[in-house]
Amino acid sequence: MSTRLQVMKFGGSSVGNAECIARAAQIIAKGAREGRCVAVVSAMSGVTNRLIEAAKTAQAGNGSGATAIMDALRTQHETALGSLVSSEEERERVRQKMEAVLTEGGRFCEGTALLRELSPRTLDAISSLGERLSAPLVAAAVRELGLPSEAIEATDLIVTDEFHGGAEPNMDRTRGKSQTRLLPLLERGIVPVVTGFLGASEQGELTTLGRGGSDYSATILGAALDADEVIIWTDVEGVLTADPRLVAEAQSIPEISYREAAELAYFGAKVLHPKTLRPVAQAAIPVWIRNSFAPDKPGTKITPQGQSKGGGVKALTAIQDVTLISVGGPGIVGLPDVVGRTFSTTAEVRANVLLISQSSSQNDICFGVSSADLQRTVDALRREFAQDLDHHKVEHIRVDPHIAIVAVVGQNMCGTPGIAGRTFNAMGEAGVNIIAIAQGSSETNISFVIEEKSIVPALRTLHREFGLHKSAD
Ligand code: ASP
Ligand code: MG
């Protein structure tokens with residue numbers, strides 16, 4: 001007899017101020033009237049960054065600086081509360097709830113300032129305060145619309161390992177806890193509004209799932225509750241064929257596969273946290289990306305197969321904050337372990353390697369890493385190859401920061417001949433110089449490295465070449 005269950009996640013910009021929260025509440029209420037609905041919310045936009053700033057300010061010993069940030073956050077949330085909730089009594093109740101969270105945060109900052117020490121565990125406790133403040137606000141806004149609603153902290157639902165700052169869920173335990181806590185509420189017609197981004201270890205210690213992790217929270221809960229669908233409400237109209245700031249003709253894609261979406265997320269299309277699709281893939285739960293500012297638009301549906309008609313390329317993406325590192329020179333020819341040592345080193349420093357290419361003469365291995373990982377990767381490589389560098393076996397470790405990686409993505413590219421030819425022909429005609437190329441054997445993407453300054457002509461040319469502006473297939 002159980003009715004349809006939706007898990008809906010609202011990103012920071014979708015709960016960015018009172019007006020946005022009211023709009024989100026309308027969407028939640030509509031969902032809850034049509035079936036069962038669990039909401040998952042991010043912090044109001046910008047709040048997580050400010051909290052991290054408060055934590056770092058405290059770590060530097062500046063306790064009053066941290067307090068000032070907390071005070072500004074109090075004002076921001078109380079202002080939103082003031083315009084969302086009409087009854088004085090209800091306002092006071094929610095205000096007290098938020099105050100308890102802020103007081104807790106204040107204590108974490110004081111402790112940090114006193115010790116001038118910020119452990120990953122304390123940083124998690126501070127950076128997750130934003131979700132613990134936004135959930136009560138959103139639940140209050142839903143109640144304003146006449147529907148019973150309750151804010152729930154995900155520490156009661158999502159059980160994770162102890163990797164602070166990027167925790168992974170234990171799905172079995174999460175399933176048990178989420179069902180026990182949420183299903184009875186849904187049974188009674190109460191809409192749970194769950195804090196995104198956070199969970200708790202087996203020992204009950206608060207953890208976070210990594211920046212942007214609320215998407216992941218939503219699919220973890222979707223899988224744990226056997227939801228019929230997960231809807232990620234954000235500020236763009238779904239997954240686009242390219243970044244609209246770079247390609248004006250970019251279109252929203254009606255349906256794509258898990259695979260394609262994951263590929264795009266990995267290559268920096270900022271719609272989804274890269275881990276988002278993992279929890280739902282096995283149960284084949286569809287995930288929608290929709291625009292909370294234009295709820296009538298259909299958005300993009302992510303399904304196991306995607307849409308099978310239409311061939312080839314679905315979307316393009318470009319990553320700009322990457323650096324190309326080359327390890328090589330003629331001296332490494334014949335050294336059997338250079339590749340192994342290079343990538344054990346990147347793994348050791350947990351560098352995010354986005355693309356690898358090696359020439360057949362073996363005198364160059366080059367790979368792209370996020371610029372944020374650059375320094376520690378190069379330092380570690382210099383240490384690893386110190387002796388070889390001395391003996392000139394490895395002639396150089398070269399770094400090129402002025403590059404971008406372009407990826408041409410599409411599941412149906414697999415087995416379709418000619419896509420690589422068309423891609424590089426078009427690049428040649430547009431005068432774009434290709435520095436390195438990689439295509440995985442899965443054939444769902446062709447990626448290549450170009451000079452940073454060529455991003456716009458490269459993307460525009462490819463968008464036209466593959467007819468993506470009429471991407472209704
Ligand atoms: N508020 C967190 C962040 O900004 C999580 C999220 O928004 O998904 O990273
Ligand atoms: Mg966010």
Side-chain angles (χ1 to χ4, degrees), residues 7-17 20-21 24 38-56 69-70 72-73 76-77 80 98 101-102 105 108 120-138 151-155 157-158 160 163-169 193-200 206-222 230-236 239 261-262 265-266 268-280 287-293 321 352 370 372:
V7 174
M8 290 187 176
K9 178 256 171 173
F10 293 85
S13 53
S14 300
V15 293
N17 56 33
C20 297
I21 293 177
V38 173
V40 175
V41 294
S42 285
M44 294 173 81
S45 54
V47 168
T48 311
N49 286 343
R50 307 257 294 288
L51 287 165
I52 293 172
E53 189 190 325
K56 300 257 150 93
I69 297 176
M70 291 305 213
L73 292 176
Q76 178 180 354
H77 287 84
M98 296 196 308
V101 173
L102 287 160
F108 294 139
R121 183 172 135 185
T122 307
L123 181 59
D124 271 359
I126 296 175
S127 64
S128 59
L129 295 166
E131 275 72 10
R132 299 177 59 206
L133 291 169
S134 64
L137 272 181
V138 174
I152 308 282
E153 302 220 342
T155 36
L157 310 176
I158 297 181
T160 72
F163 192 87
H164 287 282
E168 283 298 331
V193 178
V194 180
T195 55
F197 188 40
L198 60 99
L206 186 146
T207 53
T208 65
L209 307 173
R211 292 306 308 271
S214 299
D215 292 341
Y216 198 25
S217 308
T219 50
I220 291 169
L221 288 177
V230 175
I231 305 178
I232 311 268
W233 289 98
T234 176
D235 54 3
V236 292
V239 179
Y266 182 71
K270 297 231 163 54
V271 251
L272 273 187
H273 186 275
K275 291 179 190 162
T276 308
L277 297 168
R278 280 190 206 167
V280 289
V287 176
W288 289 86
I289 314 277
R290 299 187 60 184
N291 188 349
S292 68
F293 298 86
D321 41 5
N352 185 16
S370 314

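Both counts, for ligands and for their atoms, begin at 1 and track the order of listing.
Close N/O approach between R211 and ligand 1 is found [any backbone or side-chain N/O within under 3.5 Å]. Polar contact with ligand 1: present for G212 (N/O pair, distance under 3.5 Å).
Within the model, atoms CD1 of I152 and OG1 of T195 stand 9.0 Å from one another, a figure rounded to the nearest 0.5 Å. We find the NZ-OG distance between K9 and S42 to be 4.0 Å, quoted to the nearest 0.5 Å.
The closest donor-acceptor contact from the side chain of S127 to the backbone of L51 lies at 3.5 Å or more, if one exists at all.
Remark: ligand 1 atoms within the under-4.0 Å shell around heavy atoms of S214 are 5 (C), 6 (C), 7 (O), 8 (O). In the vicinity of S42, heavy-atom distances shorter than 4.0 Å reach the ligand 1 atoms 6 (C), 7 (O), 8 (O). Remark: ligand 1 atoms within the under-4.0 Å shell around heavy atoms of F197 are 2 (C), 5 (C).
Here the shortest heavy-atom pairing between A72 and R50 reads CB-NH2, 3.5 Å.
If you look at E131 next to ligand 1, the close heavy atoms, those under 4.0 Å, all belong to the side chain.
With hydrogens and angles left out, the side-chain atoms of T207 and D124 include no donor and acceptor closer than 3.5 Å.
The closest approach between G213 and ligand 1 falls below 4.0 Å for a heavy atom of the residue.
Here the rule is side-chain contact (heavy atoms from CB on, under 4.5 Å) with H77, and of L133, V101, L102 only L133 fits it.
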